[in-house]
Amino acid sequence: MPFHLPAELAQQPTPFYYYDLALLDQTLAALTAAARPGNFQVHYALKANFNLPLLQRIRAAGLGADCVSGGEVQRALEAGFAPDHVVFAGVGKSDAEINRALAADIFCFNAESVPELQVLNELAAAQGRTARVALRINPNVDAHTHAYITTGLEANKFGISLQDLAGVIDSLDSLPHVELIGLHAHIGSQITNLTVFAELSRKLNELQTWLEGRGHRLPHLNVGGGLGIDYHAPDEHLIPDFAAYFGMFEQHLQRRPGQQVHVELGRAVVAQCGTLVSRVLYVKESQQVRFAILDAGMTELIRPALYGSHHHIQNLSSQGPFLPYDVVGPICESSDTFAKGVLLPETQRGDLVAIRSAGAYGEVMASGYNLREKAPAVYR
Ligand SMILES: *Cc1c(COP(=O)(O)O)cnc(C)c1O
């Protein structure tokens with residue numbers, strides 16, 4: 001189905017984020033249907049988008065919440081996620097964040113270092129509790145994605161490296177308020193080459209066998225998130241191939257009887273249901289370049305400036321002949337560019353423009369730079 005902006009939104013002041021809740025529901029239905037046969041537990045990664053109307057639907061579909069800050073833990077609880085469906089990851093959890101999550105009795109902390117385990121033990125002891133912990137390992141698997149969203153290589157700050165793992169396991173003996181319940185890995189984002197997940201599974205298999213040799217049986221394995229989406233042709237793949245994704249773990253992960261497998265998807269759940277809608281302020285032509293200057297910029301959607309990412313851009317107002325445009329925002333930075341040399345139907349001041357696949361890592365990264373007002377969200 002080609003993209004369609006509900007008619008009543010054509011009069012809405014721009015820029016704004018438009019969320020298609022019917023598409024979100026269809027995506028959630030496809031996801032839960034694909035997860036069910038293998039009994040995979042899906043935790044939604046809130047950092048991709050934490051708007052309440054989305055979270056409420058995601059929770060109603062039966063997903064849990066994967067949080068990376070105390071604010072996200074609080075938001076998940078406000079959105080009605082049960083504490084035992086909330087996990088808290090992140091390389092730098094503050095004492096205050098840990099204390100609040102302990103008090104809420106969340107399901108699990110994904111811990112990333114020995115010093116963090118020591119703090120978890122101390123704070124849990126002070127509250128008379130035990131912190132359930134999964135160790136986030138750095139499996140040194142290349143996700144074959146953008147360097148800034150690769151997280152599972154030795155050079156990245158995330159996780160416990162394989163050389164350090166034995167020492168970390170030994171340290172658990174002296175941490176009575178920490179209970180090891182699983183292993184966790186998250187190797188990157190926007191992963192489209194699914195064989196990467198086979199390699200991750202093989203690493204986890206080895207580690208699991210090694211841990212069992214040391215007397216640790218793990219009730220949970222958490223393979224993280226990272227499933228990519230089609231930014232180039234969103235209408236051809238509005239719903240990611242969740243079955244192929246789970247199939248990789250079905251095939252390659254050696255699951256013990258009764259063992260739970262968790263996945264943490266963010267982007268694949270919400271990216272396609274969000275569109276940044278903007279208007280053309282000016283068309284500026286020089287000898288070399290034709291610029292379409294939008295009223296939305298990197299303050300609304302920073303991904304192109306931050307990662308050089310591609311978003312499909314459509315002029316919703318024009319039927320004219322196609323011409324190449326550099327599509328830019330109004331912000332005082334040269335990196336405030338959505339696309340260079342993109343073919344659009346002949347574009348004029350006032351045309352409505354859709355920047356597609358903006359539901360994940362879009363609105364959540366908005367800033368007030370240049371004293372810009374926050375663009376509102378509308379839901380249909
Ligand atoms: C960001 C993140 C995710 C979600 O990643 P996606 O690529 O959006 O699926 C999952 N787990 C952790 C620990 C994360 O930091």
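Whatever order the structure lists ligands and atoms in, that order sets their numbers, starting from 1.
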Proximal atoms of ligand 1 relative to R267 (non-hydrogen, under 4.0 Å): 6 (P), 8 (O), 9 (O)
Would you say the side-chain atoms of N138 and S161 include a donor-acceptor pair closer than 3.5 Å? no
the protein heavy atom lying closest to atom 4 (C) of ligand 1 turns out to be A45 CB, 3.4 Å
Given the side-chain rings of Y231 and H312, with only the six-membered ring counted for Trp, is the space between their centroids under 6.0 Å? no
Is the closest heavy atom of Y361 to ligand 1 under 4.0 Å? yes
Contact region, H186 to ligand 1, non-hydrogen atoms below 4.0 Å, reads side chain
So, are D351 and R279 salt-bridged, with charged N and O less than 4.0 Å apart? no
Do ligand 1 and G226 have nitrogen or oxygen atoms that lie under 3.5 Å from each other? yes
Starting from atom 7 (O) of ligand 1, locate the nearest protein heavy atom and write down its residue, its atom name and how far away it is, to 0.1 Å. S189 OG, 2.3 Å
Any nitrogen or oxygen of D66 lying under 3.5 Å from a nitrogen or oxygen in ligand 1? Just yes or no. yes
Closer than 4.0 angstrom, basic N to acidic O: yes or no for K93 and E112? no
Is the ring pair Y245/F249 parallel, tilted or perpendicular, if the boundaries are 30 and 60 degrees? perpendicular
Considering non-hydrogen atoms of the protein only, which is the closest contact for atom 13 (C) of ligand 1, and what is the distance? E264 OE1, 3.5 Å
Test item, G224 contacting ligand 1 (heavy atom, 4.0 angstrom): no
Donor + acceptor pair across side chains of Q208, Q259 (<3.5 Å): yes
Any residue meeting ring pair (Phe, Tyr, Trp, His ring centres under 6.0 Å) with F107, in chain and number order, not counting sequence neighbours: H220, H262
Among L276, L238, I313, find the one that has a side-chain contact (heavy atoms from CB on, under 4.5 Å) with R356. L238
May I ask you to check if ligand 1 and G266 share an N or O to N or O distance below 3.5 Å? yes
Only heavy atoms count here, so choose which of E112, K47, R136 is nearest to atom 14 (C) of ligand 1. K47
